[in-house]
Amino acid sequence: MTIPVDSGGAADVLARHDVVTVLCHVRPDADALGSSAGLARALRGSGATVHHSFDPGVVPDALRVIPGAGQVVPLSEVPAHDGLVVTLDCASPDRVGDWGRLAAAASEILVVDHHGSNPGFGSHILLDPQAASTSSLVLDVLQAGGYDVDPDVATSLYAGLVTDTGSFRWGGAGAHDTASRLLASGAETARLGYALLDAHPFSWLSVLGSLLGSARLEEDAVGGRGIVWLAVPHHVIATVAEGEVESLVSHLRGVREACVAVLLKEYRPQEWSVSLRSRDGGPGRGVVDVSAAATALGGGGHPAAAGCTVHGDLDSVTARVRDLLV
Ligand code: AMP
Ligand code: MN
Ligand code: MN
């Protein structure tokens, strides 16, 4: 049975343990890594022994700017223990990867997440689909529990907030309130924002040019809302960093003729990691709920941003995704 908790209830769970494993989702983004790094540092500051990891545990270069990223240990090196496991930004148990031995040994599992598609797992769950980022929820928990939010903790949490809100284009008043509290705690934002949102190696520009040139537009799809598609085949993905590949979706999102963007990434041959984005097309053309399509394909996410993994050749994967976009 999973007990729903608020931020105070989550802080009570943390307070019961002095050995804690902090995990985020596979192929972490800045919210996954930032929320987990901020929590790990605050718990260490209060005297807990913390194992901070994800599956398999190699931090992408693009995320190394996040304070605490250097203290991530490979999942295989985390000892199974009967204390607490916390999962951050994981919409389902699968998203944590191969953590079965840690879950089996733990006396409690606290899930902190903001994905509406989360079916609920763990012994306790703090789930708020209105939260702009998982890192926002972590700040609430730390403040409810009286933990020290120092500038490094605040910077790690800000990393999740600024990226999950598309630099505050969405997320509303709650996101700005969280930002204000993080800045008051000393979060560094300029160097972090550049590294997470802007920086690329020069060599990426030519790959970007040819990839963007291969994008396809279906203007009449989804009742005239339009879909823009881009596929990154395995032979290309093998030559570039993951952070660069993941950034492609923001270019697609900007295409005026399409309310839905689909980025297909063949990280392993015939295994496509699919990113879906959707925006409001105006009167009578509300947001296409891409999390419904992602969930039907075994993934999940938010109505306007979701993901899943689909196996097969590009044509069959494209057809399966298209059929679910309604
Ligand atoms: P991405 O396209 O990978 O940036 O993911 C967009 C949103 O969907 C993020 O909030 C992800 O955490 C979520 N998401 C991506 N893949 C999955 C999945 N397989 N299951 C659940 N949520 C996912
Ligand atoms: Mn995430
Ligand atoms: Mn998130």
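Along the sequence shown, the residues carry numbers beginning at 1.
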(Q) Would you say that more than 12 heavy atoms from the other residues, nucleotides or ligands in this model lie under 6.0 Å from the CZ of Arg191, or not? (A) no

**Q.** Aromatic plane relationship, Trp99 with Phe121 - under 30° parallel, 30 to 60° tilted, over 60° perpendicular
**A.** perpendicular

**Q.** Between Ser7 and Asp140, a side-chain donor and acceptor under 3.5 Å
**A.** no

(Q) Checking the side chain of Arg279 only, and the main-chain atoms of Val288 only, is there a donor and an acceptor separated by less than 3.5 Å? (A) no

Q) Does some side-chain heavy atom of Leu75 sit less than 4.5 Å from a side-chain heavy atom of Pro56? A) no

Q | Pair Glu244-His200, side-chain donor/acceptor within less than 3.5 Å | A | yes

Q) Are the side chain of His81 and the backbone N or O of Gly83 linked by a donor-acceptor pair below 3.5 Å? A) yes

Q: Determine whether Leu183 and Thr189 make a side-chain contact, defined as any pair of heavy atoms from C-beta on separated by less than 4.5 Å.
A: yes

Q: State, without any angle test, whether His114 and Asp164 hold a side-chain donor-acceptor pair at a distance under 3.5 Å.
A: yes

Q) So does Asp177 have more than 12 non-hydrogen atoms from other groups sitting under 6.0 Å from CG? A) yes

(Q) As a test of understanding, state which of Val22, Leu63, Leu33 forms a side-chain contact (heavy atoms from CB on, under 4.5 Å) with Val72. (A) Leu33

Q. How far does OG of Ser275 sit from CG of Leu263, to the nearest 0.5 angstrom?
A. 5.0 Å

Q) Judged by modelled atom types alone, do Ser247 and Ser250 share a side-chain donor-acceptor pair under 3.5 Å? A) no

Q. What's the shortest heavy-atom distance between Val287 and Ser278, and which atoms?
A. CG1-OG, 3.2 Å

Q. For Gly224, does its backbone N or O pair with a side-chain atom of Arg285 as donor and acceptor, under 3.5 Å?
A. yes

**Q.** CZ/Arg64: more than 12 non-hydrogen atoms of other groups inside 6.0 Å
**A.** yes

Q: Start with the C-alpha distance between Phe54 and His25, add both sets of side-chain angles, then the distance that settles ring-ring contact (aromatic ring centres under 6.0 Å, His included), and finish with yes or no.
A: CA-CA 6 Å; Phe54 60 88; His25 61 72; 8.9 Å; no

Q: Mark yes or no for whether Ser35, through its side chain, and Leu88, through its backbone, hold a donor-acceptor pair below 3.5 Å.
A: no

(Q) Could you check whether Arg95 pairs with Asp89 (Lys NZ or Arg NE/NH1/NH2 to Asp/Glu carboxylate O, under 4.0 Å)? (A) no

**Q.** Sidechain-backbone polar pair: Ser123 side chain, Ile109 backbone, donor-acceptor under 3.5 Å
**A.** yes

Q) Honestly, is Arg27 close enough over Tyr267, meaning NZ or CZ under 6.0 Å from the six-membered ring centre and within 45° of the axis? A) yes

Q) Distance only, no hydrogens: is a donor on one side chain within 3.5 Å (strictly under) of an acceptor on the other, for Asp94 and Ser92? A) no

Q.
Using modelled atom types and a 3.5 Å cut-off, is there a donor and acceptor pairing between side-chain atoms of Glu266 and backbone atoms of Pro233?
A. no

Q: State whether Lys265 and Glu246 are salt-bridged, where the test is any N-O pair (Lys NZ or Arg NE/NH1/NH2 against Asp/Glu carboxylate O) under 4.0 Å.
A: yes

Q) Among side-chain atoms of Thr2 and His124, is any donor-acceptor pair under 3.5 angstrom? A) no

Q. Got a donor-acceptor contact below 3.5 angstrom from the Trp272 side chain to the Gly312 backbone?
A. yes

